[in-house]
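Throughout, protein chains are lettered first and strands after them, A, B, ... in sequence-line order, and every chain is numbered starting at 1.
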2 protein chains.
Amino acid sequence: MADSILVQLRKGALDLCVLAVLSKGENYGYEIASRLVAAVGMGEGTIYPLMRRMQNDGLVATRLVESSSGPPRKYYRLTPLGQSVFEAHRRDWQSFTGAVDTLLEDLP
Amino acid sequence: MADSILVQLRKGALDLCVLAVLSKGENYGYEIASRLVAAVGMGEGTIYPLMRRMQNDGLVATRLVESSSGPPRKYYRLTPLGQSVFEAHRRDWQSFTGAVDTLLEDLP
DNA sequence: ACAGGTACCTTGCATAAGCAGGTAGCTTGT
DNA sequence: ACAAGCTACCTGCTTATGCAAGGTACCTGT
């Protein structure tokens, strides 16, 4: 209840976070999840439905790669559509947080 | 659908925005709404259920003041609880946006 | 064998909260 | 009268997506 604000914020920003990670290069689900668990407190299991959605929306493409340290990894990479959606969301994020920060800044 | 990200972000941050406005001094609903409509694209009608929630939660107190330019205004002011909730949400906001911005910053 | 870490995935749940559009009353200007 | 702006408020709608918990399976170290 007390952290519902953070849950709400994540709902708006988690896509953006995943896209941001992938914009640095292809990566696999568990690693993406691990980063976002550390960075923004996302739950680990959250990544898989999210990635499936993105794949259905054509934002990412996948390939399987054998791993020497466990099961095969499913690597995701941004499609051109994913790249442009990332940039659009990024602009939205920046203008929105900019507006809120402005509100917060001019305090007595 | 395309702006759902902004709607989600607002859901997490609108309380904070209202608290931020009130932290500068008491204000009435229509004026708060006007500011936030301009600042973050909130819908005008959104303010009233929001203020009612905050009142029920003990974050704000109200008083009615006659206006010479229309109906009486209902002024809201932060309670001590509202003030501390504001500060807590503000910290949450800053740490969360800081984390996302860090993710966004180190790009090639 | 077993434990622990890596890695993928599923199911069920719980949760509202903002938005659009409309109502109504007051005041001022034409 | 009428319009326009101020001010408060309400109803109905719509919509996901994040989380917790659990499952499966592979690999390594002891």
Side-chain angles (χ1 to χ4, degrees), chain A residues 1-19 26-57 59-60 62-76 89 96 100, chain B residues 1-18 26-57 60 62-76 89 96 100:
Chain A
M1 187 84 79
D3 48 11
S4 68
I5 170 181
L6 288 175
V7 173
Q8 294 302 322
L9 289 175
R10 265 179 230 132
K11 287 201 185 193
L14 219 47
D15 287 19
L16 176 66
C17 293
V18 170
L19 293 172
E26 74 174 358
N27 212 332
Y28 58 100
Y30 188 78
E31 167 73 8
I32 300 170
S34 298
R35 286 202 193 191
L36 297 185
V37 167
V40 294
M42 181 190 73
E44 180 261 330
T46 297
I47 198 69
Y48 296 104
L50 210 178
M51 296 315 297
R52 188 168 303 278
R53 250 179 278 142
M54 288 195 174
Q55 193 172 4
N56 289 341
D57 293 346
L59 307 185
V60 297
T62 63
R63 69 188 176 104
L64 276 178
V65 176
E66 297 287 332
S67 166
S68 61
S69 67
R73 298 165 171 172
K74 186 182 275 186
Y75 275 83
Y76 298 87
H89 280 200
F96 182 78
V100 175
Chain B
M1 189 85 77
D3 48 11
S4 69
I5 169 182
L6 288 176
V7 173
Q8 294 303 322
L9 288 175
R10 263 178 231 134
K11 286 199 186 192
L14 220 46
D15 286 18
L16 175 67
C17 292
V18 171
E26 76 174 354
N27 212 331
Y28 58 100
Y30 188 79
E31 167 74 9
I32 300 170
S34 299
R35 286 202 194 191
L36 297 185
V37 167
V40 295
M42 182 189 74
E44 179 262 330
T46 298
I47 197 69
Y48 297 103
L50 209 178
M51 295 317 296
R52 189 168 302 278
R53 250 179 277 140
M54 287 195 175
Q55 193 172 4
N56 289 341
D57 293 346
V60 297
T62 64
R63 67 188 176 105
L64 274 178
V65 177
E66 296 288 331
S67 166
S68 61
S69 68
R73 297 167 172 171
K74 187 182 275 185
Y75 276 83
Y76 298 86
H89 279 201
F96 182 78
V100 174

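- Distance CG (B/Leu36) to C1' (C/dC19): 15 Å, rounded to an integer number of Å.
- Here B/Ser69 does not reach the OP1 or OP2 of C/dC26: none of its side-chain N or O atoms lies under 4.0 Å away.
- A/Glu31 has its CD atom 11 Å from the C1' atom of C/dT6, to the nearest Å.
- Close to D/dT7, at under 4.0 Å from its OP1 or OP2, lies a side-chain N or O of B/Tyr28.
- For the pair B/Leu64 and B/Tyr75, the minimum side-chain heavy-atom distance is 4.5 Å or more.
- The nearest heavy atom of DNA chain C to A/Gly70 and to A/Tyr76 marks one nucleotide each, and the one closer to the 5' end goes with A/Gly70.
- Judged by closest nucleotide on DNA chain C, A/Pro72 is the one of A/Pro72 and B/Ser67 placed further toward the 5' end.
- Distance A/Glu44 CD to D/dA20 C1': 11 Å, rounded to the nearest Å.
- In this structure, A/Leu16 atom CG and D/dT17 atom P are separated by 14 Å, rounded to whole Å.
- Side-chain contact between A/Val18 and A/Ile47 is present, with at least one heavy-atom pair separated by less than 4.5 Å.
- Only B/Thr46, B/Arg53, listed by number, bring a heavy atom of residues 46-55 of chain B to less than 4.0 angstrom from any atom of DNA chain C.
- Between the side chain of B/Ser34 and the backbone N or O of B/Tyr30, at least one donor-acceptor pair lies under 3.5 Å.
- A pairwise comparison of heavy atoms in B/Ile5 and A/Gly12 identifies CG1-O, 3.2 Å as the closest pair.
- Residues A/Tyr48 and A/Gly29 come closest through the heavy atom pair OH-C, 4.2 Å.
- Taking both residues in full, the closest heavy atoms of A/Met42 and A/Val37 are given as O-CG2, 3.0 Å, listed atom of the first, atom of the second, then distance.
- At whole-Å resolution of the value, CD1 in B/Ile32 and P in D/dT7 are 12 Å apart.
- For A/Leu6 and D/dC19, the CG to C1' distance is 14 Å, given to the nearest whole Å.
- Nearest nucleotide to the B/Tyr30 side chain, out of C/dC8, D/dA8, C/dG25: D/dA8.
- Side-chain proximity of B/Lys11 to the nucleotides D/dC6, C/dA16, C/dC8 is greatest for C/dA16.
- Comment: B/Arg63 engages B/Glu26 in a salt bridge, judged by a side-chain N to carboxylate O separation of less than 4.0 angstrom.
- In this structure, the nucleotide among D/dA8, D/dC19, D/dC26 sitting nearest to the side chain of B/Lys74 is D/dA8.
- Rounded to whole Å, the distance from CZ on A/Arg73 to C1' on C/dT6 is 8 Å.
- Of the candidate nucleotides C/dT6, D/dC19, D/dC9, D/dC19 has the atom lying nearest to any side-chain atom of A/Met42.
- Counting any heavy atom pair closer than 4.0 Å across all strands shown, A/Gly41 reaches sugar-phosphate atoms only and no base atom.
- Nucleotide D/dC27 holds its P atom 8 Å from the CD atom of A/Glu66, rounded to whole Å.
- DNA chain D is contacted by both A/Gly12 and A/Gly45; A/Gly12 maps to the nucleotide lying nearer its 5′ end (nearest heavy atom per residue).
- Put simply, the side chain of B/Arg10 gets close to the backbone of B/Val40: a donor and an acceptor are under 3.5 Å apart.
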